[in-house]
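Computed over heavy atoms, backbone and side chain alike; hydrogens, waters and symmetry mates excluded. One-based numbering, in listed order, for ligands and for the atoms of each.
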Amino acid sequence: MEEAEMKVAKIRNGTVIDHIPSGKALVVLRLLGLTGKVENTLTIAMNVKSKKLGIKDIIKVENLELDPSLLGSLALIAPMATINVIRDYRVYGKSKVILKDYVEGILKCPNPTCISRQQNEPIVSKFKVIQKTPLKLQCTYCYRYVNENEVIEQLVEGK
Ligand code: CTP
Ligand code: ZN
């Protein structure tokens, strides 16, 4: 562990989301629904030195283990993120988010005339990952490109 990281206190129980691209911690918090009325102790470290990423953000949430259904959308915003489950100060489990070549079902195509958006067509949305950072996707049905800001807007909408 590096010196800059040691400045951030260890937690006894909870989840550490590590290797978040620098500047994205607040978006990740919104995505996970950890804004507003959250009583858990949260530690957010931004622009911490990292060997893998240059600089990164880290989020620590005490006494909470993440809902695995959120990992697919987390991968879009933080494709290198590591989720560490901490129990009694130890790293009890470590998993990496996975950004696959295609993203299915998580996002809606921004093109209102896209076949994936027609009420009578039970088609699950599907995007090809053209680029991971900054994120660029392409709808496999209408070929519309979707950029990172559009993805973030959709994911944090209403949270
Ligand atoms: N951590 C913490 N509290 C603990 C244990 C670990 O906040 N009680 C944090 C560490 O500071 C680190 C992350 O959880 O940010 C993962 O811990 P660890 O696996 O020990 O660190 P690394 O080996 O550096 O992780 P990686 O290989 O995933 O980069
Ligand atoms: Zn489309």
Given Val8, Asp18, Val48, Ile11, which one has a non-hydrogen atom that is nearest to atom 3 (N) of ligand 1? Ile11
Which of the numbered atoms in ligand 1 are under 4.0 angstrom from any heavy atom belonging to Lys60? 2 (C), 7 (O), 11 (O)
Can you sort out which atoms of ligand 1 are near Val91, meaning under 4.0 Å from one of its heavy atoms? 6 (C), 17 (O), 18 (P), 19 (O), 20 (O)
Salt-bridge criterion met for Asp57 and Lys24 (N-O under 4.0 Å): no
Which atoms of ligand 1 are found less than 4.0 Å from any heavy atom of Lys94? 16 (C), 18 (P), 19 (O), 25 (O), 26 (P), 27 (O), 28 (O)
Answer with yes or no whether the hydrophobic clustering places Ile17 together with Val85; edges join I, L, V, M, F, W, Y residues whose side-chain heavy atoms lie under 4.5 Å apart. no
Starting at CD1 of Ile58, measure out to CG of Asn47 and round the result to the nearest 0.5 Å. 11.0 Å
Hey, could you give me each pair passing salt bridge (Lys or Arg N to Asp or Glu O under 4.0 Å) that has a residue in residues 74-88? Not counting sequence neighbours. Arg12-Asp88, Glu65-Arg87
Can you find an N/O atom of Arg90 closer than 3.5 Å to an N/O atom of ligand 1? no
Rounded distance [0.5 Å steps], CD1 in Ile20 versus CE in Met46: 9.0 Å
Taking every non-hydrogen atom, the tightest pair across Val129 and Lys100: CG2-O, 3.2 Å
Quick one: side chains of residues 107-115, donor-acceptor pairs under 3.5 Å with protein atoms, not counting sequence neighbours, listed by atom name and distance.
unit_1, atom_1, unit_2, atom_2, d
Asn111, OD1, Thr113, N, 2.9
Asn111, OD1, Thr113, OG1, 2.9

Would you say CG of Asp67 has more than 12 non-hydrogen atoms from neighbouring residues, nucleotides or ligands within 6.0 angstrom? yes
Polar protein atoms near the Zn ion (ligand 2) [N, O or S; cut-off under 2.8 Å]: Cys109 SG, Cys114 SG, Cys139 SG, Cys142 SG
For Lys126, enumerate each residue passing the salt bridge (Lys or Arg N to Asp or Glu O under 4.0 Å) test, keeping only those at least two apart in sequence or located in another chain. none
I'd like to know if Arg12 contacts ligand 1, where contact means a heavy-atom distance under 4.0 Å to any ligand atom. no
